[in-house]
Undergrad: 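Pasting a structure below so you can have a look.
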Amino acid sequence: MSLTQLCERLLNWTGLPVEVWVGLVVAVIIFLFMTVIVLAVVYLFRKFAGFIQLRLGPRYVGPRGVLQTVCDAVKLLAKEDIIPAEADKGIFIAAPLIVFLPAYLAYIVIPFGQPPHFQPKDLNLGILYVLAITSITVVGIITAGWASGSKWATIGGMRSGAQLISYEVPMSLAVLVPVLISGSLSMKDIAEMQGDRIWYWNAFNISYFGLAFIAFVIYMICALAETNQIPFDLPEAESELVAGYNVEYSGMRFAFFFLAEFSNLFVVCAIATTLFLGGWYAPLPFLPDDGFWSLLWFMLKTLTLVFIVLWIRSTYPRVRIDQLMEFAWKRLFPIALIDLGIVSLIVALR
Amino acid sequence: MPLSESQLEEEIKGKLAGVPVSFNVGKSGLEAHVGREHLIELCKLLHDEPSLCFDYLRCISTVDWIEDGQIEVVYHLYSMAHGHCIIIKVRIPREEPKLPTVSGIWAAANWLEREAYDLMGVVFDGHPDLRRILLPQDWEGHPLRKDYSYDPVEFDEWYAAKVRRGEIP
Amino acid sequence: MNGGAVWWVFFYALSAFTLFNALLVVTGKNLFKCALHLMLVFLGVAGLFLLQGAFLLAGVQTLIYTGGVTTLILFAIMLSEEVVGRQRQLVSRGVSIGISAAICFLGIALTIFGTAVAQLPENYGVHIAPVAQFVAEASHLPMGNVRAVGVALLTQFLVPFEFASVLLVVAVIGAIVIARLAGGK
Amino acid sequence: MKRNSDSGIGSNYPWHKQRPVIEEPRPGEALRADRLIVNMGPQHPSTHGVLRMILTVDGEWVVAAEPDIGYLHRGFEKLAEMRDYDGTIFLSDRWDYLASMSNNIAMSLAIERLLDIQVPERAQWIRMLVAELQRIASHLVFIAAYGLDMGAMTPFFYCFRERERIVGFFEALCGARLTYHYVRVGGVAADLPDGFLEELEKFIPMLQSGFDEIDELLIYNPILIERTSGIGIIPPHLAVSYGLSGPMIRASGIPYDVRKCHPYLFYDAVDWDVITHEACDSWARVWVRSQEMRQSLRIVKQVVERLKEMPAGEVRVKLGRSIRPQKGDCYVAIESPRGELGIYIVSDGSGKPYRVKIRGPSFVNLSIAPRVLPGVKIADLVAILGSFDLVMGEVDR
Amino acid sequence: MHYLVLSALLFSIGIYGVLTRRNAIAILMGIELMLNAVNLNFVAVCASLTPNQITGQIFAAFVIVVAAAEACIGFALIIAIYRNFAKVNVDDINIMRW
C-alpha cells in the first residue's frame with residue numbers, strides 16, 4: 001500500500017474529486033513560497049540599499065540580520081490595527097484583500113521550471129489571465145484610498161489609480177510582442193519557443209532587430225510604475241503634499257499591502273523572465289536545464305531583474321505626477337504601438 | 001568705479017535742491033541724516049539717479065533712543081552697478097512713530113518694515129500689508145522698545161483670559 | 001461542457017453569488033459599495049463563462065469589465081460625489097413601479113424561452129459554413145477556444161471587428177471631448 | 001409639462017412639491033472654482049524647520065502662498081541687549097544653526113570694528129579657514145536635504161559622510177560639533193592642534209572626489225534636472241529689488257558676493273571666483289551651491305599653505321575684563337552660506353550693546369516666496385521652497 | 001435552460017435598478033447589469049445549441065466592446081453634468097438647455 005494509494009483512498013472517502021484537494025495543496029504551497037520569497041526580497045533589498053548608501057543593512061536580528069524581516073512581519077501582525085472613525089468598515093477591511101489577491105493569484109500561471117511539475121497550472125490564457133488579474137489591483141487601491149475616509153488618502157488613491165491605469169496600457173502592448181513572436185498566449189509555449197540559447201531569447205533575439213528588446217525595456221519601465229517603485233513611487237512620497245492611499249492602515253492590513261507590493265514586484269519580474277529572458281532555460285545549450293536545474297535558472301534570472309529594480313529604486317529621485325502621466329501617454333504608448341506594428345509585420349512576412 | 005564718500009557727498013548735494021540733508025562719515029561709511037518729510041524724496045533720488053543707482057536695500061534697523069524720546073530708523077543701501085554704499089538715518093518722535101514706506105522703491109522693504117513695525121512699533125503708512133510678522137497677531141506691545149516690560153505672571157493671566165474667552169482651544 | 005455533479009455545484013454557487021451581488025448593487029445604500037458589488041457581479045459572470053468553456057471571453061470580460069469599467073465607475077463616483085463627508089443616501093423612488101416592471105418582464109422572457117426551446121428543430125446548426133468547419137474541431141480544446149475565436153474574428157467576422165475598433169476610437173475621443181469641454185481645464 | 005408623466009400613478013407624491021431649484025450658471029462664471037485653503041507645515045517633512053505656508057490651491061495649481069513665520073522666534077535682539085559684548089558671541093551660534101562659525105565671525109567682526117582693535121594675522125587666517133569649511137558643510141546639508149525632497153535617498157548618505165569628516169575637524173578644533181562659539185572677540189578661542197593642518201591636507205583630495213560623486217549622483221541626474229529646471233524663476237531685477245543675497249542672487253546672474261564687494265579678513269588676498277548662473281531657476285540655485293563648495297575648497301587649500309608657513313603665534317588680543325566701546329554704531333556684513341549676514345550694533349558706551357540688529361539672509365530670501373510661488377503646481381512647491389535653503393533659526397531670530 | 005432563467009433574473013434586476021435609482025451613476029450600473037445578462041445568454045445559447053460553433057461567443061465579445069464604449073461615454077456625460085449642475089440627481093436634470 002504505497003503512500004499514493006493511501007492518499008487516494010483518503011481523498012475518495014471525503015467524496016470530493018481529487019483535483020479539488022490537489023488544488024488546495026498547491027494553493028497552500030504557493031502561499032508559503034510567496035511569503036518566503038517576499039521576506040527574502042525585503043531582506044536583500046535592505047542589505048543592498050544599505051550597501052549602496054555606505055551603511056550596513058540590518059545586522060542584529062539573527063545571524064547577519066536574516067531574521068529582521070521575519071520580525072518585521074511578526075511586529076506588523078501583532079500591532080493593533082486602528083480603523084479610522086469616519087472610514088466605513090466594510091470596504092476598509094476589504095480593500096487590502098482586493099489589492100493582495102491579484103498578486104497572489106498571478107503565481108498560478110508562472111512556469112518556475114520544467115512545466116509538468118514546476119508550473120502550478122498552465123492556463124492557455126496565460127498572459128491574458130495575468131493582465132486581467134493585475135488590473136484588479138487598481139480597483140483595490142482606489143477603494144483603499146476612499147475607504148480610509150481622510151481627504152488626503154482619497155486623492156492619493158485616485159492619483160495612484162490614474163498612474164496604474166496609464167501605465168497598464170503600454171504594458172499590455174509590450175506584453176503582446178513576445179506573444180506575437182511565439183504565437184501563443186500560454187506562458188509555457190512562450191518560454192519553450194525561446195529555446196535554450198541566449199541569442200534565441202526574445203530580449204536578445206537579433207532576428208527581430210532588437211525590437212523585442214525595446215518591448216522588454218518598456219515592460220520593465222511599466223513594471224516599475226505598476227509596483228510603485230522609486231522613480232514612480234508618487235503615492236507614498238512623504239515629501240509630497242498628498243499622502244499615499246495606505247496612510248490610514250496599520251498592523252495586519254498594512255502587512256497585506258506590504259506583502260502585495262513586494263510579491264507584485266516578484267511576479268512582474270518573473271513574467272519578464274518568462275516572456276523576454278527565456279523562462280527556465282539555461283543561457284547556453286550545454287548547461288543542464290532540466291528538472292531541478294530549470295528552477296535554479298529561473299530564480300537566478302528573476303532575482304537579477306529584482307536586483308536591477310532595487311538598484312534603480314535606491315539611486316533615482318522621484319518623477320513629478322504630470323511628468324509621470326505625460327511620459328506614459330506621450331512617450332511609452334506610441335513607442336509600444338510602433339514596436340508592436342513592426343513586429344507584427346515581421347511575423348507576418350516570416 | 002565706486003565713488004568715495006566725499007565724491008558721493010558732493011554728488012548728492014549737487015542733485016538735492018533744498019532738501020536739508022546733513023552728512024557725516026561713521027564707522028561703516030557715509031551717513032545721511034534726513035527729516036521724515038524728505039525721506040521719500042531722497043530715496044527716490046538715490047534709487048533713480050544713474051550715477052548713484054542705489055538699487056539694493058541691505059537692511060532696515062530701528063534704534064529706540066529712549067532718553068531723547070526718539071526712534072531712529074537706519075537704512076543701509078548698496079549700489080550693485082557702482083559698488084558704493086550709504087546709510088540713511090531718520091529720527092522720529094517715540095509717541096507718534098509714523099514714517100512713509102519705501103516698499104514702493106525696494107521690494108525688500110516690505111518684510112523688513114513689517115518686522116520693524118512688529119518689534120519696534122514704527123508705523124509705515126502706505127505699506128501694502130502692515131501686519132505683525134514674527135509675533136502672534138494679537139500680541140500687545142512692541143518688545144524691542146526699552147520701556148517694554150514683560151513679567152511672566154501678567155502674561156499667564158493674559159493667556160488664561162484668552163483661553164476663557166475661547167479664542168485659544 | 002455540461003459535466004458531472006461538480007459542474008452543477010459550481011454553476012449554482014456562481015449564479016447564486018452573481019444574483020446576490022446584483023441585488024446588492026440595486027438596493028445598496030452607499031454608492032461606493034454598489035460599485036464594489038458590481039465588480040463582484042462581473043467576476044461571477046466571468047466564472048460562468050468559464051463554465052461554458054468560453055475561456056477567452058472570461059479573460060476579456062475580467063480585463064475590460066472588472067479592470068476598466070469598475071475603475072471608470074469609481075472615478076466617476078469620486079469626481080461627482082463630495083470626496084469625503086456626507087455620503088448621500090440613495091433614495092429609491094417608485095419601488096413598486098420597478099418591481100412590477102421587473103416581474104412582468106420576467107414573465108414574458110420565461111414564456112418565450114420556454115416555447116422557443118421546445119420548438120427547436122433537432123438538427124439546428126448542422127449546416128455550417130466551410131470556414132466554420134476548421135473552427136468546429138478546434139473549439140472544444142481549451143487552447144482551441146482562444147485560437148478559434150481569434151481565427152473567426154479575423155476571417156468570418158472581420159468587418160464587425162474593424163467596425164468595433166473604429167467605434168472604440170470614436171468613443172474614447174468623444175468621452176475626452178465631453179469631459180474636457182464641460183471641464184474647461 | 002407634467003413632471004412624472006411616465007409613472008402616471010397620481011401626482012400626490014412628495015417630490016412634486018419640491019420645485020427643482022437649480023441656480024442657473026451665471027453666464028460669466030464658467031466653472032465653480034472650489035478654492036482650497038491648505039496648510040503646509042509647520043510640521044511638514046519638506047519645510048526645513050518650522051515654516052508654515054498658507055496656500056490657496058485651485059485644483060492642482062497654487063493660487064496664493066503666504067508664509068507664516070515666527071514659530072522659532074527666540075528674541076535674540078532683546079537678549080543681546082541684556083548681555084555684555086563677549087556674551088553675545090555665545091548667542092550667535094543659534095541663529096543659523098547650520099553655519100554657527102559664520103555667525104560667530106560676523107558678531108566678533110562687528111564688535112572689533114566698534115572697538116577698532118587689530119586682530120592678529122594668524123587668527124584672521126584661521127577664521128577664514130573655519131568659515132570656508134563651514135560653508136562646505138552647510139552646502140552639503142542643503143544638497144542632502146534637497147535630494148531627500150526629490151525622493152533620492154542615496155545622496156543623503158554621501159553628503160553626510162563628507163560632512164562628518166569636516167565636523168570631525170571642527171571637533172578637534174573646538175570640541176563642539178554644531179554650535180562652536182570658537183571665534184571670539186579679538187581673535188580665536190584656541191590655536192590649531194598640532195597635526196591638524198597635515199590631516200586637513202590629506203582630507204582635501206578626498207573631499208574633491210566626494211564632490212564629483214555627489215554631482216554625478218544628484219546634480220546632473222536627468223530626472224532631477226527635468227524636475228527642477230524651469231520652475232521658480234527669479235529674474236535678476238526682482239532678485240535685486242527683493243534684496244536677495246547669497247546663492248539665491250548669484251543663481252539669477254548677479255555676481256554679488258559680500259566677500260568680493262565688501263572684503264573682510266583676507267578674502268582679497270586669496271584667489272577664487274564668484275559662481276553665477278543665468279538660468280534663475282531652482283536647478284541653477286542647486287548648481288551654484290555645489291560649485292561654490294569647490295571654490296571654498298580652493299580657498300581652504302591656499303589658507304592651509306599660508307597657515308603652514310606662519311609660526312604658531314598668539315591668536316587672541318588680550319582684552320580687559322569687560323569691553324566698553326565708546327558711543328557709536330556700525331554695520332558689518334559677512335557672506336554666510338545662505339547669503340549676506342549683517343550685524344548692526346549701536347553702543348552707548350556702557351558694557352552692554354544698546355541695540356543689535358541681525359539681518360538674516362534667509363529672512364529676506366523668504367520674502368520673495370509670495371511673489372514666486374503663485375501659479376506653480378503643488379508638486380513643484382517642494383522643489384522651489386527647498387532650493388531657497390531656508391534655516392528657520394535665522395528667519396525668526 | 002438554467003442559464004436562460006439565470007440571465008432573465010439578472011436582466012430583471014437590471015431593469016429594477018434602472019427604474020428605481022435617482023442617481024445617474026446607479027442607472028448606468030443597472031445598464032451594465034443588463035448587458036452582462038445579455039452576454040450570459042449569448043454564451044449559454046451558443047454552447048448548448050451549437051456546441052461546435054462559437055459565433056455566440058464572438059457576438060458576446062462584441063457586446064462587451066460596445067458596452068465598454070457606451071459606459072465610457074455615459075460617465076463622461078455624467079461628469080459633465082455634475083460639473084455644471086453640481087448634482088447627479090436624475091430628477092432635477094431635465095432641462096435641455098445647458
Side-chain angles (χ1 to χ4, degrees), chain C residues 1 15 19 22-23 25-26 31 34 38 41 45 48-49 52-54 57 60-61 64 68-69 72-73 76-77 79-80 90-95 97-99 101-102 105-106 109-110 113 117 124-125 128 132 135-136 139 148-149 152-153 157 160 164 167-168 171-172 174-175 178-179 182-183, chain E residues 1-6 8-17 19-23 25-26 28-30 32-33 36 39-40 43-44 46-55 57-58 60-62 64-73 75-84 88 91:
Chain C
M1 274 305 132
S15 49
L19 285 177
L23 272 174
V25 164
V26 167
L31 200 60
C34 300
L38 190 68
V41 167
V45 168
L48 289 168
F49 286 159
Q52 287 294 336
L57 213 56
V60 165
Q61 151 99 353
I64 294 183
V69 173
L72 191 63
I73 294 178
I77 292 174
L79 285 179
S80 60
L90 301 159
V91 172
S92 302
R93 57 176 167 86
V95 172
I97 306 161
I99 293 176
F105 165 77
L106 202 62
L110 290 184
F113 291 151
V117 167
Y124 176 76
I128 314 160
V135 158
S139 76
V149 171
L153 268 181
F157 298 89
L167 175 90
L168 272 179
V172 165
I178 293 173
Chain E
M1 183 51 195
H2 299 274
Y3 267 93
L4 301 187
V5 171
L6 175 68
L9 266 171
L10 207 59
F11 196 86
S12 57
I13 291 175
I15 289 181
Y16 173 78
L19 288 181
T20 59
R21 281 293 185 175
R22 289 166 58 100
N23 187 324
I25 296 177
L28 271 178
M29 283 201 221
E32 291 300 326
L33 271 180
N36 271 347
N39 273 351
L40 211 60
V43 171
C46 147
S48 60
L49 294 187
T50 61
N52 42 32
Q53 262 182 341
I54 46 163
T55 39
Q57 287 177 14
I58 293 165
F62 281 142
I64 288 182
V65 164
V66 169
E70 172 268 336
C72 169
I73 297 282
F75 286 109
L77 276 172
I78 288 177
I79 293 173
I81 290 171
Y82 174 75
R83 281 234 165 95
N84 280 351
V88 202
D91 289 355

Undergrad: Can you tell me how far the CG atom of E:L19 sits from the CD1 atom of C:I99, to the nearest 0.5 Å?
TA: 11.0 Å
Undergrad: Give the minimum heavy-atom separation between E:S12 and C:L106, together with the two atoms involved.
TA: OG-CD1, 3.8 Å
Undergrad: To the nearest 0.5 Å, what is the distance between CD1 (E:I78) and CD1 (C:I178)?
TA: 11.0 Å
Undergrad: Out of C:A101, C:G174, C:G68, C:P160, return the one with the most heavy atom pairs under 4.5 angstrom to chain E.
TA: C:P160
Undergrad: Work out which heavy atom in E:A71 is nearest to a heavy atom in C:V69; give both atom names and the distance.
TA: CB-CG1, 4.3 Å
Undergrad: Pick one of side chain, backbone, both or neither for C:I64, based on which atoms fall under 4.5 Å of a heavy atom in chain E.
TA: side chain
Undergrad: Test E:N39 against C:L57 for side chain to side chain contact (heavy atoms under 4.5 Å, CB included), laying out the working first.
TA: CA-CA 10 Å; E:N39 273 351; C:L57 213 56; over 6 Å; no
Undergrad: Look at E:N36, E:V65, E:L40 and state which one has the largest set of heavy-atom pairs under 4.5 Å with chain C.
TA: E:N36
Undergrad: Where is the tightest heavy-atom contact between C:L110 and E:A8, given as atom of each residue plus distance?
TA: CD2-CB, 4.3 Å
Undergrad: Can you say whether E:L10 sits under 4.5 Å from chain C via the side chain, the backbone, both, or neither, judging by heavy atoms?
TA: both
Undergrad: Over all heavy atoms of both residues, which pair between E:A26 and C:L31 is shortest? Give the atoms and the distance, please.
TA: CB-CD1, 4.3 Å
Undergrad: How close do C:A175 and E:I73 get, counting heavy atoms only, and between which atoms?
TA: N-CD1, 3.8 Å
Undergrad: If you measure from CZ on E:F62 to CG on C:L167, what distance do you get to the nearest 0.5 Å?
TA: 11.0 Å
Undergrad: With rounding to the nearest 0.5 angstrom, report the CD1 to CG distance, E:I13 to C:L23.
TA: 4.0 Å
Undergrad: Quick one: of C:V172, C:V60, C:L48, who has the most non-hydrogen atom pairs under 4.5 Å with chain E?
TA: C:L48
Undergrad: For chain C, find which of E:V66, E:L28, E:I15, E:I58 contributes the most heavy-atom pairs closer than 4.5 angstrom.
TA: E:I58
Undergrad: E:C72 and C:A171: which non-hydrogen atoms are nearest, and at how many Å?
TA: SG-O, 4.4 Å
Undergrad: Quick check on C:V25 against chain E: is it the side chain, the backbone, both or neither that has a heavy atom closer than 4.5 Å?
TA: both
Undergrad: Heavy-atom distances under 4.5 Å only: say whether C:A109 touches chain E with side chain, backbone, both or neither.
TA: side chain
